[in-house]
Novice: 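This is the structure I have questions about; it appears just below.
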There are 4 protein chains.
Amino acid sequence: MGITERKHQGKRNSRQAIIKAARKVFSQKGFNRATVEEITSQAKLSPGTLYLHFKNKEELYTFLSIAVLKRFSSKIKDIVGCAIPVEEKTERYFDLFMDVYDHDPNILINLFHLQSGEALHHLSDEVMQQLKKYSALAYGSVVSTIKEGIEAGVYINECPMALADIVWGSYAGVVLWVNSKHLLNDQKDFVKSTLKIAFRIILQGMKRK
Amino acid sequence: MGITERKHQGKRNSRQAIIKAARKVFSQKGFNRATVEEITSQAKLSPGTLYLHFKNKEELYTFLSIAVLKRFSSKIKDIVGCAIPVEEKTERYFDLFMDVYDHDPNILINLFHLQSGEALHHLSDEVMQQLKKYSALAYGSVVSTIKEGIEAGVYINECPMALADIVWGSYAGVVLWVNSKHLLNDQKDFVKSTLKIAFRIILQGMKRK
Amino acid sequence: MGITERKHQGKRNSRQAIIKAARKVFSQKGFNRATVEEITSQAKLSPGTLYLHFKNKEELYTFLSIAVLKRFSSKIKDIVGCAIPVEEKTERYFDLFMDVYDHDPNILINLFHLQSGEALHHLSDEVMQQLKKYSALAYGSVVSTIKEGIEAGVYINECPMALADIVWGSYAGVVLWVNSKHLLNDQKDFVKSTLKIAFRIILQGMKRK
Amino acid sequence: MGITERKHQGKRNSRQAIIKAARKVFSQKGFNRATVEEITSQAKLSPGTLYLHFKNKEELYTFLSIAVLKRFSSKIKDIVGCAIPVEEKTERYFDLFMDVYDHDPNILINLFHLQSGEALHHLSDEVMQQLKKYSALAYGSVVSTIKEGIEAGVYINECPMALADIVWGSYAGVVLWVNSKHLLNDQKDFVKSTLKIAFRIILQGMKRK
DNA sequence: AATGAATGAGGCTTCATTCAT
DNA sequence: GATGAATGAAGCCTCATTCAT
């Protein structure tokens, strides 16, 4: 594609190209080892262009995480609102986790890094707000469903937040762990099957005897 | 402590000071944002001193991880060898995980980062060997106990390696997750109680009905 | 020159500025005492710019040497191919040595240092190949001409490689020696006149009686 | 050798050990890449000991050079004073050069580096004086013999200093050149035979026809 | 909107030198 | 006289970011 054509496709296009490239590069290398130069060159753009769309590297990174959280929280809200038994909701949660994983298996690593304190120091207030908002939404929905399950006598009687932490943490931990251990080309299926078992175990373990 | 006293205590001391400071700084900031300057100044030493003890920043980092793995794998081997029922072994594993956590709650973050590929590029062969050795030892022991449990009909009949990944990944994931979510001064007890629940859930879920 | 003008001239310019400054600083201080900071500041650029053009300090250094070798070997090949008597070829060699010296009297010091093992540890394969290639070309041409002279009964019957070593080593040695002994501003003419005598002596001495 | 015994052998011993080790290490690595740590550990001493005998690394380096110059100038003066024909003196010079080379083939590289400006910046006045004194003595003797040869009609009528530069520069240049080109284990004989030819050529070339 | 050359702060690492023992 | 742990200045290099075009 020549420079001329690309220019005519407007700002939207370069933004999408950067987002796509960033997902890939951040996934492969993590936040620190990923360079702006590599991301933009994979997007067939120049470094300066990144800064037309994002305030800095961190905000691009955070943007990717927020995107997942948005997707997540929106879908999870749908489930929470449904008039179906808790156990069926939980099944759907499982599908949702898998869906997110399919959509971008590595983006979860970003969310993790984000909270691990390696990034998050030069974010604008606006982005920070969004991050908190969607994070709270997604997390809150999980908590409320668990609470519902406890009240319904389905799940063990523990602090619902702790249980949500366990679900969420286990999910992310297992993905990261298996990912890093099995650096194969097609690890996606392997991770998914392990995740499937993990979920079954956790849900089984959370059930009141 | 004055210069005089410190010097009197020999090389050992500065090494320990660096290890201690490194544990703290790496935990707080992660590998990349932790600087050699900060680690050594917290140890009340000058930057050059670090290199009397460690080849570079990465090897210091890896050293910390290996130390945990060593501690872990040595204790875990003791448990594996015992002539006690699998379920009792699992109980002891739990104590061991807690013991490691008590000994240095943050060091696990290092192990995780280590495998995430953000570090590990300038390690000497010797250190790399050690890392692999102790990593395999610790992991292998968990796998063999799970296998024993499956054969004894106690645990569900799934790939033991997958189950080990789930145990290990969940543990690390929950620690990281809860740690990063609750950035309080005294989160240790909070994390531990969540971990306790997590273990109970997972063990319960792994049991054959 | 203002920033505006310089930027307008593209990447080429900064490269040339660095090469020019590097020649000067390396000549004055040698490889080790020359600092990247000094080279780039003399080029009115910032340190980072050097690394847009050269992988590291060593490759810049080597580049300068290869440039001379290229110039040298290309011209020397022309002479070798000519259908003229050996003695005339030798005359032209002399002119060539002087030409290289005129073009950059100090660059020979680089070649020397290069082989002395004080540099040459972080070169990329590509640069290393080039260095060897042009080095072999230049040296080989001298050897073949000497061989021709021996066979024609013009020069004494000694190992042609040894004779080439003597010609080359004497040339470089005399330049370095006179340069370092007479640290005057205008030593160029002095060196050249000494070189002229040296060549006359060596050629005379190499003749079969 | 235990610490106790070494201590009883007095200062002289450690000084000699350092000198010996320094000759070796400087020869192998050049001034910059040779480290104080390596020199002293080869001498089975600790770094601090070097500074009991030499003000700094440069002065140790210079000391080695001065030692050669001393040896050189003293022997050369003997030759100058002899009532023998110039041509015979020249023969003896040749033997002397070879003798120095045999005694320490690499020390000449030091002298060269010394003048190339990579060292020589932190010398005490006293050492600087010595360096100049013995340098002038050795060089002056060569010049005076050449002058004698010119006056006797043996050598071509050129500036005697230039001729001395050529002899000296060629010698050092050939050693360095051949040394660096043929990094073999037993290059000493190879260098010597090349030097022999070189001398023959230069002396022959200097003769008046 | 896009470029990409240039920047320069900041980090890692080395190693000659010191000094308390 | 000797030690050797510790120092800390100095150097190389990276890379997120800027800005003139």
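Only heavy atoms go into these numbers, but all of them, side chains included; no hydrogens, no water, no symmetry mates. Source: prediction; values computed, not measured. Within every chain, numbering begins at 1; the chains are lettered A, B, ... in the order of the sequence lines, protein sequences first and strands thereafter.
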Novice: How many Å lie between NZ on D:K44 and P on F:dG4, as a whole number?
Specialist: 14 Å

Novice: Send over the distance from C:H122 NE2 to F:dT14 P, rounded to a whole Å.
Specialist: 11 Å

Novice: Quick check for you: among F:dT3, E:dT17, E:dC12, whose closest atom lies nearest to any side-chain atom of D:S46?
Specialist: F:dT3

Novice: Report the C-alpha separation of D:I19 and D:Q16 in whole Å, then their side-chain angles, then the decisive distance to 0.1 Å, and conclude whether the side-chain contact (heavy atoms from CB on, under 4.5 Å) test is met.
Specialist: CA-CA 5 Å; D:I19 289 171; D:Q16 284 309 312; 4.0 Å; yes

Novice: Using the six-membered ring wherever Trp is involved, compare the ring planes of D:Y61 and D:F26 and label them parallel, tilted or perpendicular (cut-offs 30° and 60°).
Specialist: perpendicular

Novice: For B:L50 and for C:E37, find the nucleotide of DNA chain F with the closest heavy atom, then tell me which residue's nucleotide is more 5'.
Specialist: B:L50

Novice: How long is the line joining CZ of A:F54 and P of F:dT18, in whole Å?
Specialist: 16 Å

Novice: More than 12 non-hydrogen atoms from neighbouring residues, nucleotides or ligands closer than 6.0 Å to NZ on A:K24, yes or no?
Specialist: no

Novice: Where the side chain of B:E58 meets the backbone of B:H122, is there a donor-acceptor pair that is under 3.5 Å apart?
Specialist: yes

Novice: Specify the separation, in whole Å, of atom CD of B:Q16 and atom C1' of F:dA6.
Specialist: 17 Å

Novice: Name the residue closer to the 5' end of DNA chain E, choosing between C:R15 and D:T49 according to the nucleotide with the nearest heavy atom.
Specialist: C:R15

Novice: What is the separation between atom NZ on B:K55 and atom C1' on E:dT14, rounded to the nearest whole Å?
Specialist: 14 Å

Novice: Minimum heavy-atom separation for D:N32 and C:N32, please, with both atom names.
Specialist: ND2-ND2, 3.1 Å

Novice: Looking at every heavy atom in both C:L123 and C:K55, which two are closest together, and how far apart are they?
Specialist: C-NZ, 4.0 Å

Novice: Please confirm whether the shortest side-chain N or O distance from B:Y51 to OP1 or OP2 of E:dT13 is below 4.0 Å.
Specialist: yes

Novice: Quick check on F:dA2: is either OP1 or OP2 less than 4.0 Å from any side-chain nitrogen or oxygen of D:H53?
Specialist: yes

Novice: Taking only the side-chain nitrogens and oxygens of D:S14, find out if one of them lies under 4.0 Å from OP1 or OP2 of F:dA2.
Specialist: yes

Novice: For C:H121 and F:dG11, give me the distance from atom NE2 to atom C1', rounded to whole Å.
Specialist: 17 Å

Novice: B:T35 has a side chain; which of F:dG4, F:dT17, E:dC12 sits nearest to it?
Specialist: E:dC12

Novice: Between E:dA16, F:dG4, F:dT7, spot the one nearest the side chain of B:L45, thanks.
Specialist: F:dT7

Novice: Return one dot-bracket line describing DNA chain F 5' to 3' (Watson-Crick or G-U wobble pairs, both distances under 3.5 Å; ( ) same strand, [ ] crossing, | another strand, . none).
Specialist: .||||||||||||||||||||

Novice: Please confirm whether the backbone N or O of D:A34 pairs with a side-chain atom of D:K57, one donor and one acceptor, at under 3.5 Å?
Specialist: yes

Novice: For C:E38 and F:dC12, what is the distance between atoms CD and P respectively, to the nearest whole Å?
Specialist: 10 Å

Novice: Send over the distance from C:E59 CD to F:dC13 P, rounded to a whole Å.
Specialist: 10 Å

Novice: From E:dA2, F:dC13, E:dT17, pick the nucleotide closest to the side chain of C:K57?
Specialist: F:dC13

Novice: Within the 4.0 Å heavy-atom criterion, would you say D:V36 contacts the bases, only the backbone, or no part of the nucleic acid?
Specialist: base

Novice: My understanding is that only one of C:E59, C:Q129, C:Q130 makes a side-chain hydrogen bond (donor to acceptor under 3.5 Å, both in side chains) with C:S124; could you say which?
Specialist: C:E59

